Amino acid sequence: MKSSEEKFMRLAIDLATENIKNGGGPFGAVIVKDGEVIATGCNRVTASNDPTAHAEVNAIRAACKALDTFILKGCEIYSSCEPCPMCLGAIYWAHLDKLYYAGNKHDAADAGFDDSFIYKELELTPEDRRLKTEVLLEKEALRVFESWKAQEDKVEY
């Protein structure tokens, strides 16, 4: 691994360490473009009472704001730990070029952050999941997608 990559990963780890002292969770993330830090994020779930305030999501939001775009092509993300399913989804939706992480999901589970149940739930049919799920007004919702498909000036993502 190149020293610049290690430098950015150390920054993510340092952010995670510092975040613990500031009442947050032990996760940090850094987004880099062309060798420059564009944005950082820390886990602020309990500090902000927001279950989506994970380090990677916060970094993605900050990078999108800084670059005035919702597509982060040309950027890389450094995470102090392997991203959870929500964060991994956000990384894919943001179209980041590369993901680097330090600790893995097993390390996180050992520290009390076990997201393996989510992976297992995704393999099940909706009716077999722990979360009670019911489909309502599907045909009405399909009209929304038809409207989207017919929209000539839509911004696709």
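This structure is a prediction, so every number in the text was calculated from the model and none was measured.
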Compare all side-chain heavy atoms of Ile91 with those of Pro83 and state whether any distance is below 4.5 angstrom.
-> yes

Decide if atom CD of Gln151 counts as having more than 12 heavy atoms of other residues, nucleotides or ligands within a radius under 6.0 Å.
-> yes

Step-by-step side chain to side chain contact (heavy atoms under 4.5 Å, CB included) determination, His95 to Leu72 = CA-CA 6 Å; His95 300 279; Leu72 296 176; over 6 Å; no

What do you reckon, are the aromatic ring centroids of Tyr78 and Tyr101 less than 6.0 Å apart?
-> no

So, Glu56 versus Asn58: side-chain donor-acceptor pair below 3.5 Å or not?
-> no

Point-to-point distance, once rounded to the nearest 0.5 Å, from CZ of Arg143 to CG of Leu137 | 9.0 Å

Do the non-hydrogen side-chain atoms of Asp115 and Pro85 ever get within less than 4.5 Å of each other?
-> yes

Cationic N near anionic O, under 4.0 Å, Glu146 to Lys149 = yes

Under a side-chain separation threshold of 4.5 Å, the hydrophobic residues clustered together with Val155 are Phe70, Ile71, Trp93, Tyr157

How far does CD of Glu121 sit from CZ of Arg130, to the nearest 0.5 angstrom?
-> 5.5 Å

What's the spacing between Thr133 OG1 and Leu124 CG if we round to 0.5 Å?
-> 10.5 Å

Is the CD atom of Glu127 crowded by more than 12 outside heavy atoms at less than 6.0 Å?
-> yes

Find the distance between CD1 (Ile77) and SG (Cys87) and round it off to the nearest 0.5 Å.
-> 8.0 Å

How long is the gap from CZ on Phe27 to SG on Cys42, to the nearest 0.5 Å?
-> 11.5 Å

For residues Thr40 and Ile31, determine if any side-chain heavy atom of one lies less than 4.5 Å from a side-chain heavy atom of the other.
-> no

Do Lys105 and Tyr119 meet the cation-pi criteria used here (NZ or CZ under 6.0 Å from the six-membered ring centre, within 45° of the axis)?
-> yes

Would a 4.5 Å heavy-atom cut-off, applied to side chains only, mark Arg61 and Thr52 as touching?
-> yes

Greater than 12 external heavy atoms within 6.0 Å of Lys132's NZ | no

Verify same cluster id: Val32, Ile13 (apolar side-chain graph, 4.5 Å) | yes

Contacts of type side-chain hydrogen bond (donor to acceptor under 3.5 Å, both in side chains), residue Asp128, not counting sequence neighbours | Thr125

Any side-chain heavy atom of Leu99 within less than 4.5 Å of one from Glu76?
-> no

Return yes if a side-chain donor-acceptor contact under 3.5 Å exists between Arg44 and Asn22, otherwise no.
-> no

Val37 vs Phe8 side-chain heavy atoms within contact, under 4.5 Å | yes

